[in-house]
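Letters A, B, ... mirror the listed sequences (proteins, then strands); counts begin at 1. In this text, all values refer to a predicted model and were calculated from it rather than measured experimentally.
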Amino acid sequence: MDYNRIEEKWQKKWEETGLYKFDERSKKKKFYVLEMFSYPSGAKLHVGHWYNYGLTDSYARFKRMQGYNVFHPMGFDAFGLPAENYAIKTGIHPMDSTIANIETMEHQLKRMGATFDWNTEVKTCMPDYYRWTQWCFLQLYKHGLAYRKEMPVNWCPSCNTTLANEQVLSDGTCERCGTPVTRKHLTQWCFRITKYAEELLSGLDTLDWPEKTKLMQKNWIGKSVGGEVFFKTESGREFSVFTTRPDTLFGVTYVVFSPEHAMVDEITTPEQKAEIEAYKEYAAKASEIERQSSTREKTGAFTGSYAINPINGRKVPIYISDYVLATYGTGIVMGVPAHDERDFEFATKYGLPIEPVIGYKDGEAHPLPSHEYGYMINSGEFNGLSSEEGKKAVLAALKEKGLGGEKVTYRLRDWIISRQRYWGCPIPMVHCPHCGVVPIPEDQLPLKLPYDVDFTPDGTSPLLKCEEFMNTTCPVCGAPARRDPDTMDTFMCSSWYFLRYCDSHNDKAAWDREKVDALCPVDTYVGGAEHACMHLIYARFFVKAFRDMGYLDFDEPFLRLVHQGTILGPDGYKMSKSRGNVISPDTYIQKYGSDVFRMYLQFGFAYIEGGRWNDDGIKSVARFLERVERLAERAKGLRGANAKEDAAGGELDYVRANTIKAVGNDLDRFQFNTAIARMMEYVNALYKYVDGGAVNGRHLEAAVKDLLLILAPFAPHFTEELWEQAGYPYSIFNQEWPQYDEASLTRQEVEYGVQVNGKIRARITLPAGLSAEEVEKAAMEQQAVQNAMAGKSVRKVIVVRNIVNIVVG
RNA sequence: GCGCAUGUGGUGGAACGGCAUACACAGCGGACUUAAAAUCCGCCGGGGAAACCUUACGGGUUCAAAUCCCGUCAUGCGCACCA
């Protein structure tokens, strides 16, 4: 078969007939299949695109044939740094390169032969899309979920922009470029994602997502249950600390503030001022990596002030140290050196008392330092309580006196979305000298990103240099005002695109609630695991926030999530230009066609695992399709054959039913490799049947028809062609997934494995439906079994499924 | 450091606690052919005469373990002073 010719033929026909156009009015049950949309890069589609889009397309086709009204849109996540960096290097404007890249990619994606409904396409860098991204921002602002704040932020000196916590890798480097991240004090826009911390956590239980991804989100949200304790300084100034160990409250021998804490200046005594200032400077200089290292030596400085422990009135010194994080809890920690390794280290260095308050049941102290639970000692009225009881008792006592109480803290921080870059969605806010920060009225959106901007990086927002853009008037008072010079994090654009797909041409609203509620949530979402704590958290936040604002009516965006694995280069490393190990799909597609290439990706790897590229098996897939083609031709020629009854209920019928069932199950689980293996077995069985003589033409035709149908999702062009050649009506994708005959799944003969003491000794084939006793009797008669049992007596015989285990001794 | 996952032939990879190595690739042998390609058929974990031994390694649970439990090692991923 001339693959390239038939691919073109069918792609054209599919497009002309609008085969994959989504029908909103269909009575069938909807099914929303979505792959994470892609960044429009200038390069050709790489193996990863094929692996993600091509394989998921097979799943979408399968769902369609199963009778669902499948919604399968595609679009482009088009704002972002690569286009801007490319522009800085080449002088080609990001808008120009992006539009050109999108066109190229659209063309290539169409050549993949996937079921995307291009009618609903979105491109996030176009005003008709980002107008509504800005609208989303305004809604969040109006509902108190967006705020502006000066704060220490993660700054990538290479990308010249702020990063969200989620975009800083655990080694303190930029997620995008690998440069060590520094800190900067900036006033930035933030989204109050922390408001949804609890629901983002509890909602995970309702999702059919990889456990690992759920766990990562869970850890990222980082819920800690503990308590807060109100301390006072000697001069009566109150502050609170968060602790997960209220049972150690009697062991507090000092208190530490983070160096950035706003109260530090106030509590520093004049004598200590110089020392504290010096330390603050020292701490500010430390890089994020240094500061986050748990092996970093504990350092600090004494403020000169003392705090009163509310539980026992004890006076303890107040220090500052950069081992205390400004952004977690209250930014202040109670120092319990006996029961916390970090506090122990700090106290040892500064000669602070270390006093055990947790011990064994008999009252003996734990060896120090120890964070183990135990029983309270040296704790007055609380002595003898277990840590668990003690936590509750101490907090209850504090609560009664208004000195503290239970408290839950999350590790999750608010999402900083301001970016000091050009190629992004402008922030629809105005800074007025009289009215302050004022939102742009919704009917004035979109706030367009100006085209002519000098975006050479200099550490400030490029838009600042564009006076035309920056100068405006205040929407409230009309006075001259300035726009916000930053753009939004591109994760903002991708937090709601799956909603826009449902209503992508709407120019009156971001989406129509009815349409979104009808199509969402996404039933199956497929994309890389690297988004676990970024896009996949942000999108969940958006859905919850817009639900609460009344714009939609569901709780979670993605009911089921599948991560495809990564296809590595032949050398086992991630494919990259710099390594020179990039495999181009094109060479294979030219040689074998896109169906073969897609099928090889399905057959040669476990989808979830991915693996090292190796094309050894690609010929096997080509060979398989050729075998199918020859078989279809023979079946056609044999249509009139026979007439004689052939063995109905025979091996072929069994394999046929079993294959239909197995392939369907495998597809639902994204186990493409085993599905194809089953089809190969089926084809082998069909050849056996055809070569075996006694062929019933109608029986054969029906069996081959089923083969084409189950193969269709995997090799769409190929099967559409054979379907036509067989004389069936267009299109194979309007056919239903074949039913199988349940009765055929029961074989008339069953093969039993016979074990003696768990070791296989013989295999016997018996008619189906024998009683356990009959099977046991037949098993015992086997010579090999007799030999193994020789001289021993039977203790027990187990007959389960198709195993007989004779226990002797 | 903490958490999670993974470890199966020469290779990619299969196996609701139930006959380990399905389906393929590669390799070997054969048929067809003047020959090659293509196609078709057979063999294909190790060792051996046999008994046996094999799912990273060592224990355990079970009639039965690649699968469950404990420990070790290796690899990958995530988090990393979160009080």
**Request:** Identify whether any heavy atom of A:Q671 sits under 4.0 Å from a base atom; if not, whether one sits that close to sugar-phosphate; answer base, sugar-phosphate or nothing.
**Result:** sugar-phosphate

**Complete:** Atom CZ of A:R612 and atom C1' of B:rC25 are separated, to the nearest Å, by 16 Å

**Request:** Take the protein atom CZ of A:R245 and the nucleotide atom P of B:rA83, then report the distance between them rounded to whole Å.
**Result:** 11 Å

**Request:** Using a cut-off of strictly less than 4.0 Å, decide whether A:Y752 has a side-chain nitrogen or oxygen near OP1 or OP2 of B:rC19.
**Result:** no

**Message:** Can you tell me how far apart OH (A:Y600) and CG (A:D615) are? Round to the nearest 0.5 Å.
**Reply:** 6.5 Å

**Asked** Do A:Y323 and A:D343 have side-chain atoms, one donor and one acceptor, less than 3.5 Å apart?
**Response** yes

**Item:** Rounded distance in Å - CZ (A:R634) to P (B:rC40)
**Value:** 10 Å

**Asked** Paired with B:rC32: which nucleotide, if any, by Watson-Crick or G-U wobble criteria at under 3.5 Å for both distances?
**Response** none

**Prompt:** Have A:Y607 and A:N673 got a donor and an acceptor in their side chains that come within less than 3.5 Å?
**Reply:** no

**Prompt:** Separation of A:E626 atom CD from B:rU39 atom P, in whole Å?
**Reply:** 6 Å

**Request:** Tell which nucleotide pairs with B:rG78, taking only Watson-Crick or G-U wobble pairs whose two distances are both under 3.5 angstrom.
**Result:** B:rC2

**Request:** Using atom CG of A:N673 as one end and atom P of B:rG12 as the other, report the distance to the nearest whole Å.
**Result:** 13 Å

**Prompt:** Below 4.0 angstrom from OP1 or OP2 of B:rC25, is there any side-chain N or O of A:R623?
**Reply:** yes

**Item:** Complementary nucleotide of B:rC43, counting Watson-Crick and G-U pairs under 3.5 Å
**Value:** B:rG27

**Message:** Using the P atom as the point on both nucleotides, what is the distance between B:rG71 and B:rG3, in whole Å?
**Reply:** 11 Å

**Request:** Look at the side-chain N and O atoms of A:R761 and state whether any lies under 4.0 Å from the OP1 or OP2 oxygen of B:rC52.
**Result:** yes

**Request:** Could you check A:R656 against A:D706 for salt bridge (charged side-chain N to carboxylate O under 4.0 Å, His left out), going step by step and ending with a plain yes or no?
**Result:** CA-CA 8 Å; A:R656 177 176 167 189; A:D706 279 353; 2.8 Å; yes

**Atom-to-atom span, CE of A:M216 to P of B:rA80 - whole angstrom** = 11 Å

**Complement of B:rG71, any strand, by Watson-Crick or G-U distances under 3.5 angstrom** = B:rC57

**Asked** Expressed in whole Å, how much space separates the P atoms belonging to B:rU11 and B:rC2?
**Response** 33 Å

**Request:** Report the base-pairing partner of B:rG18 (Watson-Crick or G-U wobble, both distances below 3.5 angstrom), or none.
**Result:** B:rC63

**Asked** Just one of A:F344, A:Y350, A:F346, A:F231 clears the ring-ring contact (aromatic ring centres under 6.0 Å, His included) bar with A:Y254, so which one?
**Response** A:F346

**Request:** Tell which nucleotide pairs with B:rA50, taking only Watson-Crick or G-U wobble pairs whose two distances are both under 3.5 angstrom.
**Result:** none

**Request:** Verify the contact: side-chain N or O of A:K759 to OP1 or OP2 of B:rG18, cut-off strictly under 4.0 Å; return yes or no.
**Result:** no

**Asked** Rounded to the nearest Å, what distance is computed from the CD atom of residue A:E609 to the P atom of nucleotide B:rG76?
**Response** 15 Å

**Message:** What's the gap between B:rC28 and B:rU72 when it is taken at their P atoms, as a whole Å value?
**Reply:** 45 Å

